[in-house]
Amino acid sequence: MSDAAATLTQDRQKLEMSALSAPAVIFTVAMIAFPVVYTIWLGFQTFSSTGKQSFAGLANYSKLISDYEFWHGLWVTVALFVLSLVLQLVFGVWLALVLFHAKRLPGIVRSLFISPFMMPPVVAGMMWLVILDPSLGAANYILQSFGLPPSDWLASPTWVIPTVALIDSWQWTPYVALIVLGGLQSLPPSVYEAAQIDGASPFKTFQRITLPLLLPTIVTAAILRSVDLLRFFDIIYITTQGGPGNASNTLNIYGFRVGFEFFNIGYASALMLTLTAIVFGAVLAFNRLRGAVAWS
């Protein structure tokens with residue numbers, strides 16, 4: 001076969017592959033693009049109590065500046081994001097180290113360690129509602145057994161954010177641990193052999209070798225969790241619905257209530273687009289950080 005014929009055959013094969021994949025690509029792009037474009041369009045609309053729709057320009061976005069609930073929701077979102085992410089990264093790295101070094105740990109025990117993140121958030125939320133019940137919950141029973149005063153947990157404006165962060169961290173720390181465990185298993189053993197020959201202590205080995213080499217993996221885990229944490233919804237909706245008062249009212253919960261309880265679809269769309277921009281900003285920042293800590 002001549003070179004020209006071979007090239008023609010290859011071009012035909014590429015064309016056939018493109019034609020076969022085109023419907024799936026078009027469908028996927030449409031399914032992503034349509035909701036985004038429609039939400040952007042809704043963000044420039046206003047709806048009256050009778051359902052009448054009219055163009056509002058930037059009125060929905062200018063309203064954000066003077067909306068106390070928006071700024072409070074942003075603060076709650078950021079507070080939950082920071083607290084949950086720190087807890088999950090710290091304990092996720094610790095759990096990954098435990099699983100990595102405990103070679104003889106039975107498979108069933110390993111499965112139990114990582115099982116929480118496979119639980120549906122609705123089930124996890126309902127389970128913790130029972131555990132943290134101020135009257136009958138196991139958490140207050142344990143506190144009182146040690147002579148400590150009971151807590152209101154999710155019913156306390158002071159403790160609701162730390163409590164929700166602990167619930168989310170309980171569920172998703174194993175997910176972070178699995179990512180970090182994969183990173184640990186890919187580290188070159190030669191550097192550890194060299195450190196052992198030099199007489200480095202386990203702490204120094206972790207500080208000078210393991211942690212710096214794991215940083216790209218840890219930042220990747222942070223990116224994946226950041227997308228979910230900034231869109232905090234399911235656990236809060238199941239456990240507190242933004243309460244007590246508005247103490248756990250994140251931007252996602254606030255946008256949901258504005259859109260589906262007060263039917264202000266235009267303003268809710270503006271809120272969700274603002275949250276989307278925040279999520280994109282966080283992901284871009286973490287991506288730059290990952291590039292900075294990547295192995296050279």
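All heavy atoms count here, side chains included; hydrogens, waters and symmetry mates do not.
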**Report entry** Taking every non-hydrogen atom, the tightest pair across P35 and A30
**Finding:** CD-O, 4.0 Å
Query - Minimum heavy-atom distance between L143 and S151, given as atom pair plus value - result: CD1-N, 4.3 Å
Report task. Return yes if some donor-acceptor pair links the side-chain N/O of S156 with the main-chain N/O of D152 below 3.5 Å, else return no. Result -> no
Query raised in the report: Does any non-hydrogen side-chain atom of L224 lie less than 4.5 Å from one of Y175?
Result: yes
Query raised in the report: Donor-acceptor pair, Q144 side chain versus P149 backbone, under 3.5 Å?
Result: no
Query raised in the report: So, the side chain of N140 versus the backbone of P134: is there a donor-acceptor pair under 3.5 Å, distance only?
Result: yes
Query - Verify same cluster id: F262, L42 (apolar side-chain graph, 4.5 Å) - result: no
Requested in this report: State the CE-OG1 distance between M127 and T239, to the nearest 0.5 angstrom.
Outcome: 12.0 Å
**Report entry** Whether H72 side chain and N249 backbone form a donor-acceptor pair below 3.5 Å
**Finding:** no
Query raised in the report: What are the two closest heavy atoms between I235 and G125, and how far apart are they?
Result: CD1-N, 4.0 Å
Requested in this report: Indicate the atoms forming the closest heavy-atom contact of S248 with T240, along with that distance.
Outcome: OG-OG1, 2.8 Å
Requested in this report: For the pair K204 and D198, evaluate salt bridge (Lys or Arg N to Asp or Glu O under 4.0 Å) and give the outcome as yes or no after the intermediate values.
Outcome: CA-CA 11 Å; K204 284 292 183 183; D198 291 339; over 6 Å; no
Query raised in the report: Would you find a donor on one side and an acceptor on the other, under 3.5 Å apart, between the side chain of N252 and the backbone of R231?
Result: yes
Query raised in the report: Would F146 and I142 count as a side-chain contact (heavy atoms from CB on, under 4.5 Å) if you check the C-alpha gap in whole Å, the side-chain angles of each, and the deciding distance to 0.1 Å?
Result: CA-CA 7 Å; F146 286 97; I142 294 171; 3.9 Å; yes
Requested in this report: Side-chain contact test, heavy atoms from C-beta onward, threshold under 4.5 Å: evaluate it for S226 versus I223 and give yes or no.
Outcome: no
Query raised in the report: Can V123 be reached from F233 by stepping across I, L, V, M, F, W or Y side chains whose heavy atoms are under 4.5 Å apart?
Result: yes
Query raised in the report: To the nearest 0.5 Å, what is the distance between CZ (F256) and CG (L271)?
Result: 13.5 Å
Query - Residues W41, Y38; criterion ring-ring contact (aromatic ring centres under 6.0 Å, His included); working and verdict - result: CA-CA 5 Å; W41 179 76; Y38 187 59; 5.8 Å; yes
Query raised in the report: Looking just at side-chain N and O atoms, do D168 and Q88 make a donor-acceptor pair shorter than 3.5 Å?
Result: yes
Query raised in the report: Counting N and O atoms only, with roles assigned by atom type, does the side chain of S169 sit under 3.5 Å from a partner on the main chain of L166, one being a donor and the other an acceptor?
Result: no
Query raised in the report: Would you call Q171 and W128 a side-chain contact if the rule is heavy atoms closer than 4.5 Å?
Result: no
Report task. Look at the rings of F81 and F286 and say which category their plane angle falls in: under 30° parallel, 30 to 60° tilted, over 60° perpendicular. Result -> perpendicular
Requested in this report: To the nearest 0.5 Å, tell me how far L181 CG sits from F113 CZ.
Outcome: 12.5 Å
Query raised in the report: Within a strict 4.5 Å, meaning less than it, do heavy atoms of the L80 and I236 side chains meet?
Result: yes
Query raised in the report: At what distance, to the nearest 0.5 angstrom, does OG1 of T173 lie from CG of L178?
Result: 11.5 Å
Requested in this report: Start with the C-alpha distance between F44 and S269, add both sets of side-chain angles, then the distance that settles side-chain contact (heavy atoms from CB on, under 4.5 Å), and finish with yes or no.
Outcome: CA-CA 9 Å; F44 293 101; S269 299; over 6 Å; no
Report task. Verify whether one side chain among T77 and T250 offers a donor that lies under 3.5 Å from an acceptor in the other. Result -> no
**Report entry** Under 3.5 Å donor-acceptor, W153 side chain and I131 backbone
**Finding:** no
Query raised in the report: side-chain contact (heavy atoms from CB on, under 4.5 Å) between L289 and L215: does it pass, once the steps are laid out?
Result: CA-CA 10 Å; L289 178 60; L215 277 178; over 6 Å; no
Query raised in the report: Given side chains that start at C-beta, do those of W94 and V98 come closer than 4.5 Å, heavy atoms only?
Result: yes
**Report entry** Exceeds 12 heavy-atom contacts within 6.0 angstrom, atom CE of M126
**Finding:** no
Report task. Take atom CH2 of W170 as the centre, draw a 6.0 Å sphere, and report whether it contains more than 12 heavy atoms from other residues, nucleotides or ligands. Result -> yes
Query raised in the report: Hey, what do you get for CG (N246) to CD (E69), rounding to the nearest 0.5 Å?
Result: 4.5 Å
Query - W172 and F117 aromatic ring geometry - parallel, tilted or perpendicular at 30°/60° bounds - result: tilted
Query - Min side-chain heavy-atom separation L273-Y61 under 4.5 Å - result: yes
Query - N/O donor-acceptor pair under 3.5 Å between S62 side chain and A59 backbone - result: yes
Query - More than 12 heavy atoms from other groups under 6.0 Å of CZ on F55 - result: yes
**Report entry** Any donor-acceptor pair under 3.5 Å from N264 side chain to V258 backbone
**Finding:** no
Requested in this report: Indicate whether the side chain of Y192 and that of T210 have a donor and an acceptor atom separated by less than 3.5 Å.
Outcome: yes
Requested in this report: State yes or no: do L251 and V279 share one hydrophobic cluster built from I, L, V, M, F, W and Y residues joined by side-chain heavy-atom distances below 4.5 Å, directly or via other members?
Outcome: yes
Report task. Report yes or no: do W75 and F232 belong to one cluster of Ile/Leu/Val/Met/Phe/Trp/Tyr joined by side chain heavy-atom distances under 4.5 Å? Result -> yes
Requested in this report: Grab the two heavy atoms, one from T217 and one from I179, that are nearest each other, plus how far apart they are.
Outcome: CG2-O, 3.4 Å
Query raised in the report: For M31, does the CE atom sit with more than 12 other heavy atoms under 6.0 Å from it, leaving out its own atoms?
Result: no
Query raised in the report: Should we count CD of E261 as having more than 12 external heavy atoms under 6.0 Å?
Result: yes
Requested in this report: List the atom of A282, the atom of L230, and the distance in Å for their closest heavy-atom pair.
Outcome: CB-CD1, 3.6 Å
Query - Donor on one side chain, acceptor on other, D67 and Y254, under 3.5 Å - result: yes
Query - Six-ring centre of F47, K52 cation under 6.0 angstrom, axis tolerance 45° - result: no
Query - Test item: Q45 and Y267 side chains (from C-beta on) under 4.5 Å apart, heavy atoms - result: no
**Report entry** Residue pair S201, T205: steps toward the side-chain contact (heavy atoms from CB on, under 4.5 Å) verdict
**Finding:** CA-CA 6 Å; S201 65; T205 302; 6.0 Å; no
Query raised in the report: Do L58 and F70 sit in the same hydrophobic cluster, where Ile, Leu, Val, Met, Phe, Trp and Tyr count as joined when their side-chain heavy atoms come under 4.5 Å apart?
Result: yes
Query raised in the report: Just by modelled atom types, is the L154 backbone N or O under 3.5 Å from a matching donor or acceptor in the T163 side chain?
Result: no
Query raised in the report: What distance separates L97 CG from L184 CG, expressed to the nearest 0.5 Å?
Result: 5.5 Å
Query raised in the report: Is the closest side-chain heavy-atom distance between V293 and I218 below 4.5 Å?
Result: no
